[in-house]
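Working notes, beginning with the structure itself.
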Amino acid sequence: MRTFEHYFTVPLDHFAPPGDASPGRGTPDHGGPAGETITVFAREYVSAAHSEEAAARLPWLLFLQGGPGGRGNRWGSLGGWSKAAAQDFRILMLDQRGTGLSTPLDRNTLPRRGSAAHQAAYLERFRADSIVADAELIRHTLESPAWTVYGQSYGGFCALSYLSFAPGGLRGALITGGLPPLTGSADDVYRATYQRVAARNDEYFGWYPEDRDAVERIARHLRSTPEPLPDGSALTVERFQMAGAFLGGNTRVDSLHYLLEDAFVDTAGGPRLADTFLEQLHSVVSRRSNPLYALMHESIYGQGQATNWSAWRMLGEKPWFRPDAEPLLLTGEMVYPWYFEQDPALQPLQEVAELLAAKQDWKALYDPQVLAANTVPAAAAVYSDDIYVDRDLSLQTAAAVQGLQVWETADFHHDGIADDGEGIFARLLGMVRSGGR
């Protein structure tokens, strides 16, 4: 393959009228000075099977990564869906604003914005509507006609925003595991999510019944014995429950079993958690590499109302997920306020997180009327047992988007493109092309 790096200068606030310094629009008290810009990075991947001349004539495929807060993939070679896509496209792998080589956001850079209120106002410009505006500016800079977008997980949410606000920029849209509810509250999402995660726990412990005892043993141990993670912070029962992130994949569930099978070592002072176990778990429970995920995750459901720590509040309705419940269940990708108390990488951002959770005037992320009249060929893979993006809510959304074709399958979970990306991409592309006749 051949790769090319692109750096783009984009407005921090795409939606501020030129020269406007009114409250809430481009003033220091509301995110940054009028006219402020940030950098957005994208890497172009082209198959070496195409000559440079032929590659220059290929249409673009913009890939929108999951998250929020996930940088674009870094590939050493083309494989899976990228190998299939590179036959017909130049792939543009976007580092969404705030991630990767785009102007970064973390516990070290965000405090430069000033007070917690200033930081929260700055972060308001890092949602799907701004990502779409970045993409359209980039498309024009590259002098590309309407292009195809491929959104995985949160990238699919962004694709729906794209179809809402800039459909003229799209030739087609492919979505995997990422059809969000167009209306309603985050509470609806987490009520459904808890149910699916509970069912996935039951399924997992049915495959690996010995792991039921392993989980209980680890929980009892953590309630009586301090166990520091590699960053020095304490591994608590509730942080251990985050190992349920492995439940969201087809083959990753086996990785959970391998994690648990050698959790303990015998020491002179009795059984302790093994360094290998603690190291592996740390990579799951720490948000050091993607704090934007913890800060902004619930905001991706915020439209005209506060999310107010929805997953935490819904836990009150699902007490069997509490850290003192017996038997102990593992959680999914929910974000809780205690993240910002127990994770050293998030502790400096606790006040900012509280402000974002309380924000009531989030702008709309989708336009149901535009989507109901959609003319852009679009196709989505909906995974029947996806624990992160609920199947029923996804199908409700699909029915509200004119012309959106759905392929529902129980063969994959949320990370299906990691298992058979080539086959999934080819199927969706075929659906889009047939829908575009």
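- Residues Tyr336 and Phe340 place their aromatic rings such that the two centres sit no closer than 6.0 Å.
- Contact check for Thr37 versus Val10: no side-chain heavy atoms found under the 4.5 Å cut-off.
- Taking 4.0 Å as the cut-off between side-chain N and carboxylate O, Asp211 and Arg217 do not count as a salt-bridged pair.
- Residues Pro11 and Leu137 approach most closely at CD-CD1, 3.7 Å, considering heavy atoms.
- Counting only heavy atoms from C-beta outward, the side chains of Thr99 and Phe126 never approach each other to under 4.5 Å.
- Remark: Arg391 does not engage Asp385 in a salt bridge, criterion side-chain N to carboxylate O under 4.0 Å.
- Residues Ile38 and Ser102 have side chains not in contact (no heavy-atom distance under 4.5 Å, counting atoms from C-beta outward).
- Side-chain N/O atoms of Tyr162 and Glu136 include a donor and acceptor closer than 3.5 Å.
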For residues 239-249, run the donor-acceptor check on the side chains, cut-off 3.5 Å, and write out each pair with its distance to 0.1 Å, sequence neighbours left out.
{"from": "Arg239", "atom 1": "NH1", "to": "Ser233", "atom 2": "OG", "distance (Å)": "2.9"}
{"from": "Arg239", "atom 1": "NH1", "to": "Ala234", "atom 2": "O", "distance (Å)": "3.0"}
{"from": "Arg239", "atom 1": "NH1", "to": "Gln342", "atom 2": "O", "distance (Å)": "3.2"}
{"from": "Gln241", "atom 1": "NE2", "to": "Phe321", "atom 2": "O", "distance (Å)": "3.0"}
{"from": "Gln241", "atom 1": "NE2", "to": "Leu329", "atom 2": "O", "distance (Å)": "2.8"}

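- Evaluated for a ring-ring contact (aromatic ring centres under 6.0 Å, His included) with Phe425, the options Trp407, Tyr150, Phe63 yield exactly one hit, Tyr150.
- Between Asp390 and Arg196 there is a salt bridge, since a side-chain N of the basic residue sits under 4.0 Å from a carboxylate O of the acidic one.
- Closest non-hydrogen pair, Val253 versus Tyr204, comes out as O-CE1, 3.4 Å.
- Trp60 and Phe89 have their aromatic ring centers separated by at least 6.0 angstrom.
- Residues Tyr154 and His297 keep their aromatic ring centres 6.0 Å or farther apart.
- Contact of the Leu64 side chain with the Cys158 side chain is registered, since non-hydrogen atoms from C-beta on lie closer than 4.5 Å.
- The main-chain N or O of Trp75 is never found under 3.5 Å from a side-chain atom of Asn73 such that the two would form a donor-acceptor pair.
- Looking only at atom types and distance, the side chain of Tyr190 has no donor-acceptor partner in the side chain of Glu317 under 3.5 Å away.
- At a cut-off of 3.5 Å, with distance as the only test, no side-chain donor of Glu298 or Ser310 sits close to an acceptor on the other residue.
- A salt bridge links Asp134 and Arg97; the closest N-O separation between the charged side-chain nitrogens and carboxylate oxygens is under 4.0 Å.
- The pair Asp95-Arg71 fails the salt-bridge criterion, with no side-chain N (NZ, NE, NH1 or NH2) lying under 4.0 Å from an Asp/Glu carboxylate O.
- A donor-acceptor contact closer than 3.5 angstrom links the side chains of Trp309 and Glu354.
- In this model, no donor atom of one side chain and acceptor atom of the other lie less than 3.5 Å apart for His413 and Asp419.
- Looking only at side-chain heavy atoms (C-beta outward), Glu408 and Leu395 come within less than 4.5 Å of each other.
- Put simply, the residue from Arg113, Lys363, Lys359 that forms a salt bridge (charged side-chain N to carboxylate O under 4.0 Å, His left out) with Glu124 is Lys359.
- A donor-acceptor distance shorter than 3.5 angstrom exists from the side chain of Gln96 to the backbone of Gln65, with no hydrogens or angles considered.
- In this structure the side chain of Ile300 never reaches within 4.5 angstrom of the side chain of Arg127, judged on heavy atoms.
- With a 6.0 Å cutoff to the six-membered ring centre and a 45° limit on the axis angle, Arg287 does not count as a cation-pi contact of Tyr339.
- Checking side-chain atoms of Asn201 against main-chain N and O of Leu330 turns up a donor-acceptor pair under 3.5 Å.
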